[in-house]
Every structure is written in C-alpha cells, then in structure tokens.
2 protein chains.
Amino acid sequence: MLSPTGGIPRPATRVLVIDDEPQIVRALVINLKARHYEVDAAHDGATALQLAAARHPDVVVLDLGLPDMDGVEVIRGLRGWTRVPILVLSARHSSDEKVEALDAGADDYVTKPFGMDELLARLRAAVRRAEPVPGGEEDVIVDTADFTVDLAAKKVHRDGKDVRLTPTEWHLLEVLVRNTGRLVGQKQLLQEVWGPSYGTETNYLRVYMAQLRRKLEADPAHPRHFITEPGMGYRFEK
Amino acid sequence: MLSPTGGIPRPATRVLVIDDEPQIVRALVINLKARHYEVDAAHDGATALQLAAARHPDVVVLDLGLPDMDGVEVIRGLRGWTRVPILVLSARHSSDEKVEALDAGADDYVTKPFGMDELLARLRAAVRRAEPVPGGEEDVIVDTADFTVDLAAKKVHRDGKDVRLTPTEWHLLEVLVRNTGRLVGQKQLLQEVWGPSYGTETNYLRVYMAQLRRKLEADPAHPRHFITEPGMGYRFEK
DNA sequence: CGCGGGCGTCAGAGTTCCGTCAAGAGGTCC
DNA sequence: GGACCTCTTGACGGAACTCTGACGCCCGCG
C-alpha cells in the first residue's frame with residue numbers, strides 16, 4: 001500500500017477505475033488525482049472485484065470491454081454486496097447494451113469517446129446522490145456501556161478521555177463497528193484492514209484484537225464488546 | 001424485473017414529465033403509463049415546480065428548453081427542498097450544458113433524439129438507487145417458535161440470549177435453513193459442510209445434529225425443527 | 001426371539017485455534 | 001543520530017473445536 005498510515009483527516013473520494021486500455025486509465029487517473037480523488041485501478045474484472053472488496057471505493061468507473069469477463073458480470077458481482085455507484089464506459093452505442101448494463105445495476109452509461117468534463121460531472125453527480133442526507137444520520141456515533149466511537153470524527157471516547165488508537169487499530173475497529181452485531185470473518189477482516197493479499201495472517205488479528213480490548217474493554221480478559229467466534233471471526237456488540 | 005419498482009407490490013412510481021413539446025410529452029406519457037407508472041406532466045417551469053410540490057413525484061424527467069424559465073433554474077428550484085432523481089432531456093449536446101445541469105443537481109443527462117428503451121432504463125436506474133435499502137439491514141432472518149436464525153449476522157437467538165455455535169454447527173444449520181422444509185440428503189449435507197470427499201461419514205451428521213438439537217430444540221429428545229428422515233437425510237422445519 | 005442396521009448419546013484424544021508476551025524491523029520527528 | 005511509535009513476527013500455554021469409538025435404543029425381519 002502506498003499510504004497505509006498517512007491518510008488522516010480528509011475523507012477523499014475513492015474512485016475505482018476498471019479498464020484494460022492503459023491510455024484511458026492513465027487519462028482518468030491523471031484527471032482524477034488532479035482533482036484530489038483517491039484512485040485505484042484494475043485492468044480486469046477479477047482484480048476489480050477484489051480491489052472493490054478491499055478498498056470500498058465511493059464510486060466505480062467501469063469499462064465494459066474487459067479481457068477476462070463480461071462487464072455486466074462485474075456489475076452483478078459488485079451489486080451482490082454493495083450499492084456503490086457504477087459509471088459504465090463503453091464503445092458500444094447500442095441501446096440494448098445500455099439497457100442491459102443499467103438494469104444489471106449500473107448508475108450511468110457513457111459512450112466512448114467521451115468528454116472528460118462530462119465524465120467528471122457525471123461522476124460528481126453519482127457521488128453526490130450517494131452521499132448520506134446531510135442533516136440526519138446519527139449512525140456516525142456508536143455508544144456502548146464502556147466507550148463511544150465517533151466514526152465521522154475518527155475518535156474514541158472513554159471515561160471522559162480520548163483514547164489513542166494507531167491507524168491499524170482504528171481501521172480494525174471501524175470495520176467491526178460498521179458491522180455491529182454481525183459476525184465478520186477473519187478473512188474479510190484481514191483483507192479490509194491489511195489488503196486483498198492478506199487472507200491468512202490471523203496472528204495479526206490476534207495481536208490487534210488484544211490491543212483494542214486492552215484499550216477499550218473494561219476487563220480485557222473477559223471482553224463484552226469484542227467477541228471471538230473461534231474458527232470464524234469476530235463480532236462487535238454494543 | 002417487470003414492474004418499475006422492482007417486483008414488490010407497492011404504490012406505483014410517480015413520474016413528473018416536464019417538456020413543452022407536446023409530441024415528446026405524449027410519447028413519454030404513453031410509454032410510461034403502459035409500464036404502470038403514474039404520470040404527471042407540465043409544459044413550463046412554474047407549473048412543474050408547483051406540481052412537484054403538490055404531487056411529490058418519485059422521479060422527474062426534465063427538458064431543459066422551457067418557455068418560461070431556464071431548465072437549470074428548475075433543477076435548482078427542485079433541489080432546494082428535495083433529492084428526487086432528476087433526469088434531464090436536452091437537444092444541446094454541448095459539454096458545458098451537461099456539466100452545468102449535472103452540477104446543478106441533475107442525476108442524468110440524455111440528449112435528444114433519444115431511444116425510448118434507453119430512457120426508460122435510465123429512469124429505472126434513477127428510481128432504483130433512490131429506493132431505500134431493501135429490507136433495511138437486509139438481514140435474512142428465519143424465525144421459529146423456539147429460536148431465531150440471522151443468516152447475515154451469523155447469529156442464533158433463543159430465550160433472549162445469543163446461542164453460541166461452532167463453525168461446523170453453524171455451517172450445518174445454514175445448509176438446513178437455506179433449504180427450509182425440504183429434505184436434504186445426508187450425502188449432500190456431508191459434502192456441503194465437510195467437503196466433496198466426504199460422502200459416507202454419516203456419524204458426523206449424527207454427532208452434530210445432536211449438538212444442534214441440544215442447543216436449539218426445546219426438547220432435544222423430541223425434535224420439532226430438526227427432523228430425521230431415516231435412511232435419507234434431515235429436514236429443517238420452522 | 002435373536003439379529004442387524006440406522007440412529008442418538010456420551011466422553012475422551014488429538015488437533016486446531018486463540019490470547020499473550022516479547023523482541024526486532026522500519027519509519028518519523030525532533 | 002537518537003528517542004519514540006507502530007507494525008511485524010515468533011513462541012508458548014491454554015482454550016475451543018473436531019474427530020473417533022463405544023454403547024444403548026428402536027424397529028423391521030428372518
């Protein structure tokens with residue numbers, strides 16, 4: 001990873017670009033980075049699905065013509081678990097193609113060649129409407145008997161004090177809290193926190209889970225909130 | 001999905017069509033009504049804003065060329081109080097126009113002449129993503145008289161408490177529950193839980209089935225939910 | 001009435017998995 | 001360069017889980 005620890009306060013929009021044509025990827029990456037988006041790129045569908053799971057992009061730009069799988073399959077693969085906006089690029093102008101992609105779950109369909117300004121505007125629109133309603137959403141703060149997690153401010157409060165967490169500790173906590181009550185498999189946990197290639201290093205989990213419990217549990221030896229499900233994963237309970 | 005809303009019986013999707021060209025309005029209205037949308041139509045911006053406030057449409061189709069006011073002003077007027085999806089129609093292909101409309105709050109931009117199929121697909125996409133998350137937490141929950149299984153959270157609840165299951169127990173339960181009411185053969189059960197090379201070790205089944213019944217049945221000796229079909233397999237009943 | 005197959009139950013052995021500690025590697029800030 | 005801080009890695013005791021064999025029960029059948 002390039003900046004595993006550095007990304008601190010600004011929640012930059014993360015874009016996943018999926019295209020097998022290097023020039024297009026390059027043009028997109030340059031333009032997006034210039035506008036302070038965080039960009040990941042994949043040149044085939046399999047990599048794309050992996051990256052999406054690992055990085056949780058805020059928006060996906062997908063070229064339908066991929067070497068390894070049908071673009072529509074990529075859409076379905078994503079839609080199986082996420083509602084992230086998908087902006088489709090395609091050289092095909094056929095109406096059927098558009099309808100198929102849109103009905104599979106795409107949010108927008110742009111035909112090549114496209115104007116960069118227009119694409120960026122469509123991207124802004126897609127991101128904008130995916131944003132949570134500015135006024136509502138109490139979900140950013142999760143309260144337990146022992147501590148409070150503020151997902152927006154990235155802060156944990158306990159006994160009237162802020163608890164200091166390292167980036168990895170926070171990342172792990174975040175994944176667990178966003179799935180409050182649900183079991184999160186160790187593989188999923190590892191891949192979301194450490195990256196797609198870390199699926200088996202369960203010792204990381206043990207170390208950092210212990211760290212979290214030491215900092216947040218009233219009695220770290222008998223955790224009430226960070227619960228181990230042996231052989232499966234961990235679960236955060238309020 | 002045949003119905004515009006995605007199959008669930010719900011009040012019809014309401015569309016507000018704003019265009020000053022009678023033929024286009026007519027074509028849209030006919031096509032939309034044929035697909036069981038409710039349709040309102042306005043021929044100018046002022047009427048459109050009034051109608052939108054009165055009728056609360058689920059999606060707006062807006063032609064930018066209106067007699068009384070600039071189309072972008074209509075977008076702003078709507079965005080002042082609602083996040084309803086806005087699909088813009090326009091004869092102008094200019095990139096600047098598109099960018100302006102999209103940044104003013106439009107969700108999509110289609111240039112005339114447009115294909116009706118494509119427009120309808122884009123409309124479906126706009127409506128779809130505005131829908132609330134299906135099922136709230138989309139947790140698949142199976143309820144019985146004695147306990148509750150949450151397949152997404154991997155949780156079993158009984159008598160106000162969470163029941164702790166081992167990985168094998170959970171896996172077995174999952175296969176049975178996903179086939180509620182159906183007989184699952186022992187070979188199938190073994191292969192799904194233990195792997196393709198296990199087809200005959202029926203003693204595993206006996207042990208873990210007993211485990212499940214002890215943890216979940218009110219009277220493990222006389223199971224109501226985990227039913228043995230001698231010589232064949234097991235069946236889960238609510 | 002004896003026999004055998006299929007099933008449920010139990011408890012122990014063996015293995016895997018987890019929590020904990022500690023030490024080293026790498027990076028950052030003064 | 002030195003003093004942190006953080007992430008990685010290895011080792012170990014103990015806990016949890018899986019597997020296995022033994023036993024008893026029920027039932028159909030010879």
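Note on naming: letters A, B, ... go to the chains in the order of the sequence lines (proteins, then strands), and numbering restarts at 1 for each one.
- For D:dC7, neither phosphate oxygen OP1 nor OP2 lies less than 4.0 angstrom from any side-chain nitrogen or oxygen of A:Trp194.
- With D:dG10, D:dC17, D:dC7 as the candidates, the nucleotide lying closest to the side chain of A:Pro230 is D:dC17.
- Residue B:Thr228 is classed as a sugar-phosphate contact, given heavy-atom separations below 4.0 Å to backbone atoms only.
- Regarding contacts with the backbone of C:dG5, every side-chain N or O of B:Arg206 stays at 4.0 angstrom or more from both OP1 and OP2.
- Using a 4.0 Å cut-off, some side-chain N or O of B:Tyr204 falls inside it from OP1 or OP2 of D:dT20.
- There is a side-chain donor-acceptor pair under 3.5 Å between B:Gln211 and B:Arg214.
- B:Gln211 has no side-chain polar atom (N or O) that falls below the 4.0 Å cut-off from OP1 or OP2 of D:dT18.
- For the OP1/OP2 pair of C:dT9 and a distance below 4.0 Å, the side-chain nitrogens and oxygens of B:Arg214 include no atom meeting the criterion.
- In this structure, B:Arg164 reaches neither bases nor backbone, as no heavy-atom distance under 4.0 Å exists between it and the strands shown.
- Put simply, A:Thr166 has no side-chain N or O that comes within less than 4.0 Å of OP1 or OP2 on D:dT6.
- Here the side chain of B:Arg213 is nearest to one of C:dC7, C:dG8, D:dT9, namely C:dG8.
- When the P atom of C:dA11 is taken as reference, atom CG of B:Asn203 falls 18 Å away, rounded to whole Å.
- Salt bridge annotation for A:Glu237-B:Lys155: present, with a cationic side-chain nitrogen under 4.0 angstrom from a carboxylate oxygen.
- Between B:Leu172 atom CG and D:dC19 atom P the separation is 12 Å, expressed in whole Å.
- Atom CD in B:Glu118 sits 12.0 Å away from atom CD in A:Glu97 (nearest 0.5 Å).
- Whole-Å rounding puts the A:Leu189 CG to C:dC17 P distance at 16 Å.
- In this structure, the CG atom of B:Leu212 is 13 Å from the P atom of D:dC17, given to the nearest Å.
- Here the CE atom belonging to A:Met232 is positioned 11.0 Å from the OG1 atom belonging to A:Thr228, to the nearest 0.5 angstrom.
- Distance B:Ile227 CD1 to C:dG6 P: 21 Å, rounded to the nearest Å.
- The distance from atom CD of A:Glu229 to atom C1' of C:dT16 is 17 Å, rounded to the nearest whole Å.
- Remark: of the listed residues A:Leu212, A:Val163, A:Asp162, A:Val163 is the sole one forming a side chain to side chain contact (heavy atoms under 4.5 Å, CB included) with A:Val156.
- Between the NZ atom of B:Lys187 and the C1' atom of C:dG6 there is a distance of 18 Å, given to the nearest Å.
- Here A:Tyr234 lies in heavy-atom contact (under 4.0 Å) with sugar-phosphate atoms only.
- Across the protein-nucleic acid pair, B:Leu205 atom CG and C:dG8 atom P stand 9 Å apart, rounded to whole Å.
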